[in-house]
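In what follows, chains are A, B, ... by sequence order, proteins preceding strands, each numbered from 1.
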Amino acid sequence: MHGALPREFYIDDPAEVARRLLGKVVVRKLGSTLLSGRIVETEAYYGYKDPASRAFKGRKVYNSSMFEEQGRLFIYMVHSYWLLNIVAHPEGKVGAVLLRALEPLEGIPAMKVNRGVEEVRDLMRGPGRLTRALNVINDLNGLDITDVKCPLVIIDNGSDVEKIGESHRIGVTSDLPLKLRFYVEGSRFVSR
DNA sequence: AGGAAGATCTACT
DNA sequence: GTAGATCTTCCTA
């Protein structure tokens, strides 16, 4: 099964969507340049009841996309890096999936320029690194990635993930008693 | 208007 | 393994 993932793909518990996104491919269109990478690491975030979530303290201007339609982008900044999330939750809920690491596929020379590093392994190994590599900033916030006109889409290229690893989320000050980080076991491109 | 926090990264020892 | 850079948003006044 090929092509862009439909909205229904994102209408589910964020942890489920986070698992299902592993192995899918992010395609970033920059004019005539095409950058892409395979998702190898994700994290799930919930709404009001998740102390690590940007939605924990309620709806604000900057986090409003997280409360909206599934399949939209939610981008926000921490420590001078933009982080890339996909809005995902059951109908009527709030949640998102953070993309934490991608395995570079197409457009590697451009990624090296964007990142200022040569080492392919380090191009998108980390949530702040991958947005730099793909030239993602908050002007993409709120865009609908199920729309073919979107300059960033996620497709299924049919590749399967052998085994999914789980751990607690990274870098959060107060985590839930759940393992909400998911990664492709054995991949060299996960952040740790 | 000012200070502090944060889902990070890099460079250094 | 630890320190410092970085910058947007929030909170208090």
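- For the pair A:L99 CG and B:dT8 P, the interatomic distance rounds to 14 Å; values are reported in whole Å.
- Each of A:R129 and A:G171 was matched to the nucleotide of DNA chain B holding its nearest heavy atom; the match closer to the 5' end belongs to A:G171.
- Residue contacts for A:R125: at a heavy-atom cut-off of 4.0 Å it reaches no nucleic acid atom on any strand shown.
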Query raised in the report: Between A:S167 and A:R181, is a side-chain hydrogen bond (donor to acceptor under 3.5 Å, both in side chains) present by the stated rule, with each step listed?
Result: CA-CA 5 Å; A:S167 81; A:R181 169 174 173 259; 2.9 Å; yes
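- Applying the side chain to side chain contact (heavy atoms under 4.5 Å, CB included) criterion to A:R19, with sequence neighbours excluded, gives A:E16, A:I164, A:E166, A:F182.
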**Report entry** Strand DNA chain C in bracket notation, Watson-Crick/G-U under 3.5 Å with | for pairs to another chain
**Finding:** |||||.||||||.
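- In this structure, A:D144 pairs ionically with A:R7, as a charged nitrogen and a carboxylate oxygen lie closer than 4.0 Å.
- Salt bridge A:K93/A:D13: absent, no basic N to carboxylate O contact under 4.0 Å.
- Between the OH atom of A:Y46 and the P atom of B:dA7 there is a distance of 18 Å, rounded to whole Å.
- Between the CZ atom in A:R192 and the CD atom in A:E41 there is a gap of 8.5 Å [rounded to 0.5 Å].
- Between A:E43 and A:K179 there is no salt bridge, since none of the side-chain N atoms of the basic residue sits less than 4.0 Å from a carboxylate O of the acidic one.
- Within the structure, a side-chain polar atom (N or O) of A:R100 is placed less than 4.0 Å from OP1 or OP2 of B:dT8.
- Looking at residues two or more places apart in sequence or on another chain, you find no side chain to side chain contact (heavy atoms under 4.5 Å, CB included) involving A:S80.
- Between A:K112 and A:D122 there is no salt bridge, since none of the side-chain N atoms of the basic residue sits less than 4.0 Å from a carboxylate O of the acidic one.
- A:L123 has its CG atom 14 Å from the C1' atom of B:dC9, to the nearest Å.
- When all heavy atoms of A:L73 and A:N141 are compared, the closest pair comes out as O-OD1, 3.4 Å.
- When the C1' atom of B:dA7 is taken as reference, atom NE2 of A:H168 falls 15 Å away, rounded to whole Å.
- For residues 18-48 of chain A, the set of pairs meeting the ring-ring contact (aromatic ring centres under 6.0 Å, His included) definition, not counting sequence neighbours, comprises A:Y48-A:F67.
- By the 6.0 Å contact criterion, NZ on A:K60 is enclosed, its count of non-hydrogen atoms from other residues, nucleotides or ligands being greater than 12.
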Set out, line by line, the N/O atom pairs under 3.5 Å between protein and nucleotides 4-13 of chain C.
none

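- To the nearest angstrom, C1' of B:dT8 lies 12 Å from CD of A:E43.
- Applying a 4.0 Å cut-off to non-hydrogen atoms, the residues of residues 83-90 of chain A that approach DNA chain B are A:L83, A:N85, listed by residue number.
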